[in-house]
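As structure tokens, the structure follows; a few thoughts come after it.
Below, chains carry the letters A, B, ... as their sequence lines are ordered, and counting in each starts from 1.
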Protein chains: 2
Amino acid sequence: MSTEPHLPQSETRDRILDAAERLFMEHGFEGTSMRLITGAANANLAAVNYHFGSKDALIQAVFRRRMTALNEARLAALDRLEAEAGGEAVKPSRIVEAFFGTALELAADAEHGGNTFMRLLSRTYNEPNAFVRQFLAEEYAEVMDRFLGALFRALPGVPRDEIMWRFHYMMGAMSFAIAGIESVYATAGLPCKEEEPSRMRPRLMSFLLGGLRAPLPDFGAAATD
Amino acid sequence: MSTEPHLPQSETRDRILDAAERLFMEHGFEGTSMRLITGAANANLAAVNYHFGSKDALIQAVFRRRMTALNEARLAALDRLEAEAGGEAVKPSRIVEAFFGTALELAADAEHGGNTFMRLLSRTYNEPNAFVRQFLAEEYAEVMDRFLGALFRALPGVPRDEIMWRFHYMMGAMSFAIAGIESVYATAGLPCKEEEPSRMRPRLMSFLLGGLRAPLPDFGAAATD
DNA sequence: GTATGATTCAAACAAACGTTTGAATTGAGA
DNA sequence: TCTCAATTCAAACGTTTGTTTGAATCATAC
């Protein structure tokens with residue numbers, strides 16, 4: 001109150017961030033107007049430009065708010081594993097657990113918006129929006145370097161291309177896991193009850209590890225097929 | 001020319017569909033204006049409304065053009081497998097090959113827009129746009145029914161929930177495989193050369209089958225963890 | 001040629017967009 | 001009470017949006 005200048009962290013700012021996070025997840029960036037955001041946040045239309053400067057800056061703020069914490073948690077988990085291993089290579093399953101488990105924990109937190117954010121993040125992977133992608137790539141740079149490097153060391157016999165692609169596939173599987181199952185199966189007359197959060201983690205993790213451990217593809221045989 | 005009324009399948013119509021397909025893939029539905037589409041298609045602004053009626057109708061037309069063929073090819077492949085099996089259950093790996101292999105073949109066709117469309121389709125999974133989702137769900141209904149049913153028969157010991165989730169995960173992995181790897185790893189100083197199309201299929205298929213065959217998750221142990 | 005239906009075109013429409021403005025309102029310190 | 005900065009607000013800004021219009025152009029059949 002005394003040392004800090006004047007950063008009441010305006011309650012309005014947070015309401016706008018929460019509303020924007022949810023609406024971006026539901027309708028995308030271009031599909032969400034400032035009037036929709038400020039309306040849902042019970043704020044004046046001009047509030048976004050006052051607090052953030054522009055819509056683009058708001059988008060970045062929405063990501064920055066959670067992304068930093070997520071990536072720090074991931075790096076901390078990897079640090080812990082590498083410290084335990086003490087020079088030895090960390091087991092691949094532990095590395096995968098550290099990366100994707102951290103994300104799933106955030107996605108399981110529905111009360112503080114973690115789930116909303118992870119669904120927004122999943123959605124954003126497939127939106128080649130120029131500056132959002134640039135922003136995400138910068139945020140991910142160190143994390144990717146560390147985790148892929150750990151996997152390279154853990155799987156010295158496996159080509160690095162192969163590891164990167166499998167990691168990429170795992171990201172896709174996680175993305176869909178978080179997005180939920182109702183997307184396509186809803187109208188199909190199939191039972192599609194939503195996943196209980198505590199079941200998602202072991203379910204997905206088993207699949208991911210199965211995929212990671214799969215035998216290497218035989219390009220020679222398949223190329224002529 | 002004589003029996004058909006007047007359907008010259010206006011060359012303009014196709015140019016608009018091609019341009020829209022590509023631009024929707026790059027910028028999303030809301031991020032792509034009619035002026036951008038008609039500009040890229042060398043057509044007049046009013047041409048979209050003349051040939052399709054509205055922007056929403058154009059979106060549906062873009063999907064309908066390829067989706068029907070893709071799903072028919074999938075069903076035909078499954079028909080073939082079931083005929084070969086002659087009453088017996090089809091091997092899970094063959095079922096997965098039929099569903100995802102068909103999609104990958106379309107994605108490998110870069111010349112006639114198949115690749116563009118598959119990337120658009122992947123992107124659309126994560127866009128809960130109301131009426132596009134409805135449209136996709138209807139298009140997928142029969143295919144999902146058939147393929148999941150075949151998997152249920154092929155894996156009688158596995159809970160149906162588990163099969164549906166793993167199929168969903170596989171869709172996510174395929175989605176990311178088609179979208180390409182450069183999304184996140186670009187700025188990270190990692191080698192991220194694009195995949196040669198012929199290598200994508202065995203690479204992804206090996207991962208998918210590894211995930212499908214993974215041991216079932218142990219919910220009991222993990223729930224208390 | 002002339003008529004007819006299909007297609008293209010430039011121009012305009014109202015609505016929604018992100019942003020800016022300048023005056024109100026607020027709240028704490030002097 | 002007065003001050004001053006932070007915040008809110010209604011109103012307007014100039015663009016861009018999807019769509020419509022009515023005349024021009026094209027191609028074909030008579």
Can you tell me the distance, in whole Å, between the [atom1] atom of [X] and the [atom2] atom of [N]?
X     : N      : atom1 : atom2 : answer
B/K55 : D/dT16 : NZ    : C1'   : 12 Å
A/R35 : C/dA15 : CZ    : C1'   : 10 Å
B/N44 : D/dA23 : CG    : P     : 17 Å
A/L58 : C/dT19 : CG    : P     : 10 Å
A/N49 : C/dT19 : CG    : C1'   : 5 Å
B/E30 : D/dG18 : CD    : P     : 9 Å
B/R13 : C/dT7  : CZ    : C1'   : 14 Å
A/Y50 : C/dA23 : OH    : P     : 17 Å

Side-chain heavy atoms of B/R133 within contact of B/T124, under 4.5 Å =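 The answer is no, as the side chains (C-beta and beyond) never meet within the 4.5 Å cut-off.
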Would you say [X] places a side-chain N or O within less than 4.0 Å of OP1 or OP2 belonging to [N]?
X     : N      : answer
A/S33 : C/dA16 : no
B/S54 : D/dG18 : no
A/H51 : D/dT8  : yes

B/D161 and A/R199: CA distance, side-chain angles, deciding distance, salt bridge (Lys or Arg N to Asp or Glu O under 4.0 Å) verdict = CA-CA 11 Å; B/D161 275 9; A/R199 295 189 144 227; 5.7 Å; no
inquiry  = In this structure, is the centre-to-centre distance between the rings of A/F176 and B/Y169 below 6.0 Å?
reply    =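 Between B/Y169 and A/F176, the centre distance exceeds or equals 6.0 Å.
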ask   = What about B/F99 and B/F167, are their ring centers closer than 6.0 Å?
value =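 Ring centres of B/F167 and B/F99 closer than 6.0 Å.
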request  = Give one of base, sugar-phosphate or nothing for A/T38, where a contact means two heavy atoms less than 4.0 Å apart.
outcome  =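 Contact class for A/T38: none.
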ask   = Parallel, tilted or perpendicular: which describes the rings of B/W165 and B/H168, with under 30° parallel and over 60° perpendicular?
value =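 The arrangement is perpendicular - the two ring planes meet at more than 60°.
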remark   = Comparing nearest nucleotides in DNA chain C, the 5'-proximal residue of the pair A/V48, B/A47 is B/A47
remark   = Checking C/dG18, D/dT21, D/dT19 against the side chain of B/A46 (C-beta onward), the nearest is D/dT21
ask   = To the side chain of A/L45, which of D/dG18, C/dT19, C/dT8 is closest?
value = C/dT19
